[in-house]
Amino acid sequence: MPDSIGWGIVGFGWVARDFMAPAIREAGHRLVAVCDPGAEARAAAAALGARGHADLAGLIAEQAVEAVYVATPNHLHRGAVEALAESGKAILCEKPMAAALPDAEAMAASVARTGILYGTAFDQRHHPAHKLLRDEIRAGRVGTVTAVRIVYACWLDRGWTAIPGQANWRIDEAQAGGGALMDLAPHGLDLTDFLLDEPILDVTALTQARAQDYAVDDGALVIGRTGSGVLASLHVAYNCPDALPRRRLEIAGTRGLLVATDTMGQEAGGRVTFTSGATGESVPLPFDAAASPFLEQVRAFGRSVRDPAGRDAWSAARDLHTMRLLARAYAASPSHLPARSPVMPAA
């Protein structure tokens, strides 16, 4: 099949196994090889028909691998991206770009020098509901956009793991670069750019260490403003019980309000409504509720691998701007906030 892309995956953890590998298969592409130091991870890859490598050199040597999804802990992104860029393979790297801004800057420089196709895996750009929201904004459905409001939260305690025996690196500052702000806010910052066709330029934040017993932030409020004056607010958290409403996206304008509920995340589905500013009437808006953002992202990246005309949709420079916003948000917030005794969610 000429349109089938041969994929490699670096770091075969939860997201790669549960979402990326199935999306590759559903898109009609092929998972050729996986690089992971863990024998159990390589065995899981072999069960899917992919060859396992303990080191990156082995995956790079696979001629059938055209595109590589990097899903290691954040602090390992730079080394993988730089090596893959030198090999000429297309790269889709998980967000955030890196655990630290200097690493992200080095990655962007490597991409620019080699000219390879690079994208940060902001899968929320590819959710059918969010594509619908952008189309409605462009069509003037809400009039002049005044604000974007996002709540994206979950419960992430110290012992959380999706794969038995796998440590929770997301709460280790050295590996993750931060906590809830570093992990969840990139999606909202990038999605605001996607929806409005303009990035956030000014940003500030407050973080908290309120409910969990680890050193990184377990919640944050981020506020930003685009060049045209649209205000954006993001509430991200690791301290919200999963049974509560915790994923909501609103676009407010002079003619109405667009609301997407339960669309942010790896899964397909959710709901979108429009409320008229003239009558107050709310109506549901249909979209493809069966296609997951991971599937649509794989399809889009695969098209860009085959057709250079589609490469404009991916930008290391744009993603580096988002990384700089994260660094500024952390710099604006007092650090080392003391955590209280952990409060467990109700049974």
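Note: W160 and Y238 fail the aromatic proximity criterion, with ring centroids not under 6.0 Å apart. Side-chain rings of W7 and F301 approach one another, their centers coming within less than 6.0 Å.
The minimum heavy-atom distance linking R306 with I5 is given by the pair CZ-CD1, 3.4 Å. The two residues R246 and C240 have their closest heavy-atom pair at CB-SG, 3.7 Å. The minimum heavy-atom distance between I116 and A85, with the atom names listed, is CG2-O, 3.5 Å. For V142 against I251, the heavy-atom pair with the smallest separation is CG1-O, 4.1 Å. Nearest approach of G11 to A16, heavy atoms of both residues: O-CB, 3.6 Å. When all heavy atoms of L295 and E26 are compared, the pair lying nearest together is CD2-OE2, 3.4 Å.
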One pair to check against side chain to side chain contact (heavy atoms under 4.5 Å, CB included): L285 and R271. What are the steps and the verdict? CA-CA 8 Å; L285 301 182; R271 301 181 303 279; over 6 Å; no
Carefully, step by step, assess T192 and I150 under the rule side chain to side chain contact (heavy atoms under 4.5 Å, CB included). CA-CA 9 Å; T192 298; I150 294 174; 4.2 Å; yes
Applying salt bridge (Lys or Arg N to Asp or Glu O under 4.0 Å) to E62 and R30, what does each step give before you reach the verdict? CA-CA 13 Å; E62 294 269 8; R30 296 163 289 117; over 6 Å; no
V298/L92 under side chain to side chain contact (heavy atoms under 4.5 Å, CB included): CA gap, chis, key distance, verdict: CA-CA 9 Å; V298 168; L92 183 64; 5.6 Å; no
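A side-chain donor-acceptor contact under 3.5 Å links H130 to the backbone of Q124. Using a distance-only test at 3.5 Å, with no hydrogens or angles considered, a donor-acceptor pair links the side chain of K95 to the main chain of D183. Although no hydrogens or angles enter the test, the distance criterion places no donor-acceptor pair under 3.5 Å between the side chain of S333 and the main chain of A329. Proximity of a side-chain donor or acceptor of N239 to a complementary backbone N or O of A211 within less than 3.5 Å is not detected. Distance alone, capped at 3.5 Å, places no donor-acceptor pair between the N74 side chain and the A99 backbone. Checked by atom type and distance alone, the side chain of D242 pairs as donor or acceptor with a backbone atom of W155 at under 3.5 Å. S110 places no side-chain N or O within donor-acceptor distance of the main-chain N or O of A106, the cut-off being under 3.5 Å. Distance alone, capped at 3.5 Å, places no donor-acceptor pair between the H77 side chain and the M107 backbone. H127 places a side-chain N or O within donor-acceptor distance of the main-chain N or O of A129, the cut-off being under 3.5 Å. A distance-only check finds no donor-acceptor pair linking the side chain of D202 to the backbone of G224 [under 3.5 Å].
To the nearest 0.5 Å, atoms CD (Q212) and CZ (R158) are separated by 9.5 Å. Distance check: I24 CD1 to I9 CD1 gives 4.0 Å after rounding to the nearest 0.5 Å. Atom CZ of F194 is separated from atom CG of L133 by 9.0 Å, given to the nearest 0.5 angstrom. One distance of note links CE of M20 with CZ of R25; it measures 12.5 Å at 0.5 Å rounding. In this structure, CG in L184 is found 11.0 Å from CG in L189, a value given to the nearest 0.5 Å. The OH atom of Y118 lies 4.0 Å from the SG atom of C93; values are rounded to the nearest 0.5 Å.
Both W14 and M264 sit in one connected hydrophobic cluster of ILVMFWY residues. Membership requires side-chain heavy atoms under 4.5 Å apart, directly or through other members. Side-chain heavy atoms closer than 4.5 Å link hydrophobic residues (I, L, V, M, F, W, Y) into clusters, and following such links, possibly through other members, connects L181 to L101. Under a hydrophobic-cluster definition in which Ile, Leu, Val, Met, Phe, Trp and Tyr are linked whenever side-chain heavy atoms come within less than 4.5 Å, directly or via other members, L258 and V151 are assigned to different clusters. Under the 4.5 Å side-chain heavy-atom criterion for ILVMFWY residues, no single connected hydrophobic cluster contains both I137 and F122.
Electrostatic pairing of E86 and R113 counts as a salt bridge here, judged by a charged N lying under 4.0 Å from a carboxylate O. In this structure, R247 does not pair ionically with D262, as no charged nitrogen and carboxylate oxygen lie closer than 4.0 Å. Between D3 and R303 no salt bridge is recorded (no basic side-chain N to carboxylate O distance below 4.0 Å). Using a cutoff of 4.0 Å between basic side-chain nitrogens and carboxylate oxygens, E198 and R134 are not scored as salt-bridged. Taking a cutoff of 4.0 Å between a charged side-chain nitrogen and a carboxylate oxygen, E296 and R125 do not qualify as a salt bridge. Ionic pairing of D135 and K131 is not present here: no N-O contact between side-chain nitrogen and carboxylate oxygen is shorter than 4.0 angstrom. No salt bridge links K89 with E66; every basic N to acidic carboxylate O contact stays at or beyond 4.0 Å.
Within a 6.0 Å radius of CZ in R141, other residues, nucleotides and ligands contribute more than 12 heavy atoms.
Checked by atom type, the side-chain pair D217/T207 shows no donor-acceptor distance below 3.5 Å. With hydrogens and angles left out, the side-chain atoms of Y69 and E94 include a donor and acceptor closer than 3.5 Å. Under 3.5 Å, the side chains of R149 and S233 contain no donor-acceptor pair of N or O atoms. Looking at Q266 and D18, their side chains never bring a donor and an acceptor atom within 3.5 Å of each other.
Residues T273 and V283 fail the side-chain proximity criterion, which asks for heavy atoms closer than 4.5 Å. Residues E250 and L257 meet the side-chain proximity criterion, which asks for heavy atoms closer than 4.5 Å. Two residues are said to be in side-chain contact when any heavy atoms from C-beta on lie closer than 4.5 Å; L84 and L56 meet this criterion.
Both tests do not hold together for R42 against F12: distance to the six-membered ring centre under 6.0 Å, angle to the ring axis within 45°.
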